[in-house]
Protein chains: 4
Amino acid sequence: MRADAQRNRDQIVAAAQIHFRESGFDVPMEEIARGAGVGVGTLYRRFPDRDSLIWATAQAVLRDLADMAETAWREEPDAWAALCRFLRGCAERRLGALASAIEPRLHASIQSDPELRSSRQTVSDLVERMTAAAKADGAMRPDVSPAEVGLLMTVRIYTPSDMSDDQAMRRVVDIVLDGLRTGREPDPRKATQARSGCR
Amino acid sequence: MRADAQRNRDQIVAAAQIHFRESGFDVPMEEIARGAGVGVGTLYRRFPDRDSLIWATAQAVLRDLADMAETAWREEPDAWAALCRFLRGCAERRLGALASAIEPRLHASIQSDPELRSSRQTVSDLVERMTAAAKADGAMRPDVSPAEVGLLMTVRIYTPSDMSDDQAMRRVVDIVLDGLRTGREPDPRKATQARSGCR
Amino acid sequence: MRADAQRNRDQIVAAAQIHFRESGFDVPMEEIARGAGVGVGTLYRRFPDRDSLIWATAQAVLRDLADMAETAWREEPDAWAALCRFLRGCAERRLGALASAIEPRLHASIQSDPELRSSRQTVSDLVERMTAAAKADGAMRPDVSPAEVGLLMTVRIYTPSDMSDDQAMRRVVDIVLDGLRTGREPDPRKATQARSGCR
Amino acid sequence: MRADAQRNRDQIVAAAQIHFRESGFDVPMEEIARGAGVGVGTLYRRFPDRDSLIWATAQAVLRDLADMAETAWREEPDAWAALCRFLRGCAERRLGALASAIEPRLHASIQSDPELRSSRQTVSDLVERMTAAAKADGAMRPDVSPAEVGLLMTVRIYTPSDMSDDQAMRRVVDIVLDGLRTGREPDPRKATQARSGCR
DNA sequence: TATGAATGAGTTTTCATTCAT
DNA sequence: GATGAATGAAAACTCATTCAT
């Protein structure tokens, strides 16, 4: 039954991630439970209160984020491309919404949790490395600090209903990335993918 | 006695704006009433339910936003400068937070309210005008649409506790504005105001 | 409406006293509210949680107990008679049940609350005075300390269903009082009232 | 494997006795199971519901009580001494707490269970015999009925935290026993054991 | 057979909204 | 008109009991 339990736990965290994103961190626990296909009791067995569930969600997201940063750094041909991929990944994950929601609730424990600490460290190390390398390559403006890149990781926008949230985020991140680059193509072609082609 | 009533109303809207910003749109009505120095009963006399209070808040903010846009357009020496001032004003007002919170609740009525409609129209007209003029002036990249500027109006970030929220927002908007500009200074000097100096 | 509210508050405390006595300190809050003829919300407005209601009950009981002790001391012809009346009053109020229930929950705050402190002081002063005087009169055994009388204040028993709880308590207290007296009637007549005639 | 099962059962009843005494009869089943070193499932295999566990606890206590009464009657030199020992034994076992808790829950079945019936019978027979003999010996007041002794079996008190529960109970029982005796030493010496020395 | 995971009914608690004063 | 008390529906949370492993 260990296998079952683990599967349930995973489903709960997955459902929580979805519901938190869709309906905010105040969604009824029962809805999350329903989304995970379990009873409330099961949810509460694993996560004694709402905060601990938010916590688990945050861990999952941060872990995933750290992975993503490492992959980007490893796979992309240069630092600037890695940074682009990383910031787009942050946007896709709606990092800003998560961070804003978590901070006021879990302030105290955020610093102390070793798991979280480690993921954060990984991420901030890589941001620093990517930033430095991209500047050294001459691809990125030298007057933007890693702390500022940290801010950009959490950019959010309001998406009007006649647009897809993902698409809107992508456009905004592209503009932001353009704000970070040094050169500017002599003839910037129209369109998202053109503008954000990282090299 | 009419004066009293009006003063109450204004205090309530002011308190609501503060509380909505600080604690989200789910803050207990009683807290808002306390913040306004009135009883809940009085609050409900003016605003029959939470939505109508959010509504009033939105109107106030939008009206203020439209004023701000007009002033920028009127007072700034060129379109690009006006656009900069306008987007910075949006950021200062945390427009993104307001919009995100209002939309899901008031979706239906948002289109129909004439007051809101008018402010929205003013704003979007001015955005279009500023964008077109800035492009014509050669100050702004031609491949960014007014709709994209609309997205940028609602940019939000998560501010870590070791930084002022206002300062962080300013930095991010500066980077965004840099993403919108055509030329890039050959030697961008360090510092926020230098980078984003609108001219 | 202050009058209404006060009446409601009193009714709630009264209902709580009854329900706590009848069904223990775990009775559903809703039942207490129903007993008081109010909604749960009203109950929670006055008493934010169960403990604060228990607390209020304890205050009421202790205040009443202090009054009772003072009345006994003032009205009875001698100290022994006052002590008898006092201990019977404690038994009638089921002081033991109350004390046992309150202690584990409210341990911390019990010492600090000034209201409670004052009633306790009144009671323990009077117990000491009654004990000393009754011994001086030769009515009470000299080898029983005030602290031991304090224990006797909280005597409880289990009453089988074929007997009235009050009657059973009275019999037991009579026996206890006999254990405290010095002399013994040469010819103790049968029956409760005979045995416990205080002089 | 039968031995295992029996050991489990015994551990559960033992743990139940402890937890019921410490935390009342509402203590979570899981806690009892943990105290017994088994899973809840095992507990429920032996005792289909909470009542049946209370039941088993009651049986164990009553059996033990009957043994104790018989031993006292057999070993003590006279009836009064036996009664003293018996009532002290009841106090030590906190019979009052057990009885109060069991009665409201198991009312219906209490009369019918043959095992319980038999222990009860043994006890009440012995109480009657001890009472009659002690009166005949002139050691006990003739105006106290066996039913009243039955009440005294369940005496409980609230023990303030600066005193041992056992010690407090002993003092109270001593006073009660003094209330039952005929003669009174002309010069009652101080101290618990002196006062209650049964002979 | 032992285990502990899952379930869901029952309680507690909160708060938007109504209403008596 | 203002006030804050009352209400009750909704959400959080607990735990007895069942059941899959």
Side-chain angles (χ1 to χ4, degrees), chain A residues 1-9 12 26-34 36-53, chain B residues 1-2 4-5 8-9 26-34 36-53, chain C residues 1-9 12 26-34 36-53, chain D residues 1-2 4-5 8 12 26-34 36-53:
Chain A
M1 172 140 300
R2 187 53 171 278
D4 269 38
Q6 185 58 45
R7 176 165 41 263
N8 273 340
R9 206 201 113 101
I12 290 169
D26 293 325
V27 279
M29 295 296 254
E30 199 136 2
E31 219 161 283
I32 298 174
R34 202 174 319 122
V38 303
V40 247
T42 304
L43 193 163
Y44 274 96
R45 165 180 276 270
R46 299 300 161 203
F47 306 98
D49 55 23
R50 178 180 296 272
D51 277 357
S52 80
L53 182 54
Chain B
M1 183 59 57
R2 184 51 176 275
D4 266 38
N8 273 345
R9 207 200 116 99
D26 293 326
V27 66
M29 294 297 256
E30 199 134 3
E31 223 160 278
I32 298 173
R34 203 175 317 123
V38 303
V40 252
T42 306
L43 192 162
Y44 271 92
R45 163 174 290 273
R46 300 299 161 211
F47 306 96
D49 56 20
R50 175 180 296 268
D51 277 356
S52 80
L53 181 54
Chain C
M1 174 139 302
R2 188 53 172 276
D4 269 39
Q6 186 59 46
R7 176 164 43 263
N8 273 339
R9 206 201 114 102
I12 291 169
D26 293 324
V27 279
M29 293 297 252
E30 199 134 3
E31 217 161 285
I32 297 173
R34 201 175 319 123
V38 302
V40 248
T42 304
L43 193 163
Y44 273 95
R45 164 179 277 269
R46 299 302 160 202
F47 305 98
D49 55 21
R50 178 179 295 272
D51 277 357
S52 80
L53 182 53
Chain D
M1 181 57 59
R2 184 53 175 275
D4 266 37
N8 272 346
I12 292 168
D26 293 326
V27 66
M29 295 296 257
E30 199 133 3
E31 224 161 278
I32 298 173
R34 203 175 319 124
V38 302
V40 253
T42 307
L43 192 162
Y44 272 92
R45 163 174 290 274
R46 299 299 160 212
F47 304 96
D49 57 22
R50 176 180 296 269
D51 278 355
S52 80
L53 181 53

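We find that CD1 of A:I12 is positioned 12 Å from C1' of E:dT7, with the value rounded to whole Å. Computed from coordinates, the B:R50 CZ to E:dA16 P distance equals 5 Å when rounded to whole Å. One can place CG of B:L43 at 16 Å from P of F:dA5, the figure rounded to the nearest angstrom. Atoms CD (C:Q6) and C1' (F:dG4) sit 15 Å apart, rounded to a whole Å. If you take CZ of D:R34 and C1' of E:dA2, they are 17 Å apart, rounded to a whole angstrom. In this structure, CG of B:L53 is placed 11 Å from P of E:dA16, rounded to the nearest angstrom. Rounded to an integer number of Å, the gap from CZ of B:R45 to P of F:dT3 is 11 Å. One interatomic measurement links the two molecules: CD of B:E31 to P of E:dT14, which rounds to 13 Å at whole-angstrom precision.
Checking D:G37 against A:V40, the closest nucleotide of DNA chain E that is more toward the 5' end is the one next to D:G37. In terms of position along DNA chain F, the nucleotide closest to A:P28 lies nearer the 5' end than the nucleotide closest to the other residue of the pair A:P28 and A:G41. Each of B:N8 and A:D49 has a nearest nucleotide on DNA chain F; the 5'-most of these lies closest to B:N8. A residue-by-residue look at A:R9 and B:D26 shows that A:R9 has its nearest nucleotide of DNA chain E further toward the 5' end.
The CZ atom of C:R45 sits 8.0 Å away from the OG1 atom of C:T42 when rounded to the nearest 0.5 Å. Atoms CE and CG, on B:M29 and B:D49 in that order, are 7.0 Å from each other to the nearest 0.5 Å.
Proximity note for A:A5 (side chain, C-beta onward) versus F:dA11, E:dA16, E:dA6: the nearest is E:dA6. Here F:dT21 is the nucleotide among F:dT21, F:dA12, E:dT14 with the atom lying nearest to any side-chain atom of A:D4. Distance from the side chain of D:T42 is smallest for E:dA2 among the nucleotides E:dA2, F:dA6, F:dA16.
When heavy atoms are screened at a 4.0 angstrom cut-off, C:V38 is found touching the sugar-phosphate backbone but no base atom. Among the atoms of the strands shown, only primed sugar atoms or phosphate atoms (P, OP1, OP2) are found under 4.0 Å from some heavy atom of B:R46.
With a cut-off of 3.5 Å on both Watson-Crick or G-U wobble distances, the partner of E:dA20 is given as F:dT3. Of all nucleotides present, only E:dT12 satisfies the Watson-Crick or G-U wobble test against F:dA11, with each distance under 3.5 Å.
Under a cut-off of 6.0 angstrom, the local environment of CZ in A:R9 is sparse, with at most 12 non-hydrogen atoms contributed by other residues, nucleotides or ligands.
Phosphate proximity of F:dT17 to D:Y44: present, with a side-chain N or O under 4.0 Å from OP1 or OP2.
For the residue pair A:E30 and A:V40, the shortest heavy atom distance occurs at CA-CG1, 4.0 Å.
The side-chain contact (heavy atoms from CB on, under 4.5 Å) with D:R46 is formed by just one residue from the set D:I12, D:V38, D:L53; it is D:I12.
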